[in-house]
Number of protein chains: 2
Amino acid sequence: MGRWEPDARERLVRAALDLFGEQGYENTAVAQIAERAGLTKSTFFRHFRDKREVLFGGQDVLAELMTGAISGAPAQAGPLEVVEAALVATAVTFTDERRAHGPQRLAVIASNDELRERAALKMVGFAVAMTDALKQRGVPELEASVAAELGVLAFNHGYERWLGTGGDFAEVARRTLGEVRAAVGRLEGAE
Amino acid sequence: MGRWEPDARERLVRAALDLFGEQGYENTAVAQIAERAGLTKSTFFRHFRDKREVLFGGQDVLAELMTGAISGAPAQAGPLEVVEAALVATAVTFTDERRAHGPQRLAVIASNDELRERAALKMVGFAVAMTDALKQRGVPELEASVAAELGVLAFNHGYERWLGTGGDFAEVARRTLGEVRAAVGRLEGAE
DNA sequence: TACGGTGATGAGACCAAGTCCCATCACTTA
DNA sequence: TAAGTGATGGGACTTGGTCTCATCACCGTA
């Protein structure tokens with residue numbers, strides 16, 4: 001077995017997630033992950049840039065969905081409406097299967113510095129992508145940064161909420177962004 | 001030479017910065033940095049957790065200054081006023097010497113993924129620290145997150161501006177945060 | 001049926017990051 | 001002068017990650 005079995009990438013992800021759960025991230029060698037998936041270290045690094053990335057596959061797709069939605073939004077829409085559209089656009093990737101191993105994935109990430117680091121970089125990537133797409137629409141630099149940052153905040157809170165409650169991510173994201181905006185209003189109104 | 005010369009840590013930082021500038025981060029081995037500083041690899045790792053950290057020394061101090069300022073702020077101050085105090089409190093670390101090699105440091109970080117990753121983690125660290133300190137004051141979760149995130153944004157923009165213009169960082173930070181708040185107002189007012 | 005092409009994999013050498021352990025040295029204090 | 005302390009040197013070792021080349025399954029075509 002092994003060679004030419006289909007879905008090598010998925011097998012690697014599952015093996016990694018299992019092993020990280022059983023022994024912890026640091027105590028699991030890439031060779032071991034590959035072995036459990038019926039593959040070798042070489043093949044692992046053909047599918048993932050590094051050991052961390054096995055937990056973050058497909059996040060580039062998210063950034064593309066976001067920027068696509070921002071570029072395609074109606075011209076008269078305000079920055080935060082556009083950001084909302086960006087979050088909603090990512091909903092197609094939030095499948096039941098993804099929700100199933102979401103908590104395990106989050107737990108592993110939280111347990112390790114390298115992984116929190118990678119997660120932070122991904123979020124910065126989202127923020128930069130949205131900022132650029134907003135600037136492309138003519139939104140001034142600072143407004144674009146702020147709107148994008150608020151969007152990432154809502155995305156993160158929304159993701160955690162979605163893991164707990166399930167349902168349609170688009171709905172959850174919309175509601176969460178609304179609450180963030182309300183918080184912003186309370187902040188500026190208070191002084 | 002080497003052994004028992006003072007300021008081993010500072011020598012390592014300077015050697016690293018120079019070598020990264022000359023040959024790039026990836027092409028510079030830790031052993032080489034240590035050698036130029038008149039030390040060995042072992043000693044390098046005694047002073048820095050890893051190769052990246054040589055560029056981020058002292059950022060823990062910043063987080064402590066921020067949380068200290070937030071805890072010590074007057075009880076009636078609003079969240080964003082408190083955040084302003086946090087940024088102002090970090091000004092003591094922004095010396096001329098730090099400004100001197102700031103651009104070189106930023107250029108190196110921008111050139112490499114690992115380093116951008118570490119920088120992102122540091123910023124998340126600031127945000128978490130400020131969020132927690134705000135919650136400690138009774139600020140609700142979401143308001144705290146938003147205020148902290150805006151503070152980090154202002155900190156970053158302010159830092160870049162300070163590298164360009166010089167002067168007192170406290171002043172720059174105050175002004176930058178003011179502009180961020182104005183941008184927030186324009187965002188929410190527009191729709 | 002045979003053949004060559006293609007793409008994914010295996011295998012192993014290799015380098016550098018990071019850990020560990022122990023010896024060594026300079027300096028301090030009794 | 002001797003013991004103690006803290007920073008350093010040195011080297012073995014594991015693992016992440018790169019690179020190169022051989023190998024195998026499948027596909028199309030003659």
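Small disclaimer: the values here were computed from a predicted structure and weren't measured.
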I need the residues from residues 105-112 of chain B with at least one non-hydrogen atom less than 4.0 Å from DNA chain D; give them sorted by number, or say none. none
D:dG9 C1' sits how many Å from B:L39 CG, rounded? 10 Å
Sub-4.5 Å side-chain heavy-atom contact between B:L150 and B:V83: no
Does CG in B:N27 sit with more than 12 non-hydrogen atoms of other residues, nucleotides or ligands closer than 6.0 Å? yes
Once rounded to the nearest 0.5 Å, what's the spacing between atom CZ of B:R99 and atom CZ of B:F169? 12.5 Å
D:dG17 C1' sits how many Å from B:E26 CD, rounded? 13 Å
Relative to the ring of B:F44, is the ring of B:F48 parallel (under 30°), tilted (30 to 60°) or perpendicular (over 60°)? tilted
Calculate the interatomic distance between A:D113 atom CG and C:dT19 atom P; express it in whole Å. 12 Å
A:E35 CD to C:dA11 P, straight-line distance once rounded to whole Å: 12 Å
Rounded to the Å, how far apart are A:N27 CG and C:dG18 P? 17 Å
How about CD on B:E179, more than 12 heavy atoms from neighbouring residues, nucleotides or ligands closer than 6.0 Å, or not? yes
Would you kindly give the CD1-to-P distance between B:I33 and C:dG18, to the nearest whole Å? 10 Å
So, with a heavy-atom separation below 4.0 Å from DNA chain C, the residues of residues 40-59 of chain A are A:T40, A:S42, A:T43, A:R46, A:H47
Apply salt bridge (charged side-chain N to carboxylate O under 4.0 Å, His left out) to the pair A:R175 and A:E84, showing each step before the final yes or no. CA-CA 10 Å; A:R175 195 170 62 236; A:E84 180 178 302; over 6 Å; no
So CG of B:N156 and CD of A:E149: to nearest 0.5 Å the spacing works out to 8.5 Å
Rounding to an integer number of Å, can you tell me how far A:L115 CG sits from D:dG16 P? 12 Å
Can you spot which of B:D113, B:D50, B:N112 makes a side-chain hydrogen bond (donor to acceptor under 3.5 Å, both in side chains) with B:R118? B:D50
If I take atom CZ from residue B:R14 and atom CG from residue B:L19, how far apart are they, to the nearest 0.5 angstrom? 12.5 Å
Between atom CG in B:L12 and atom P in C:dA17, what is the gap in whole Å? 14 Å
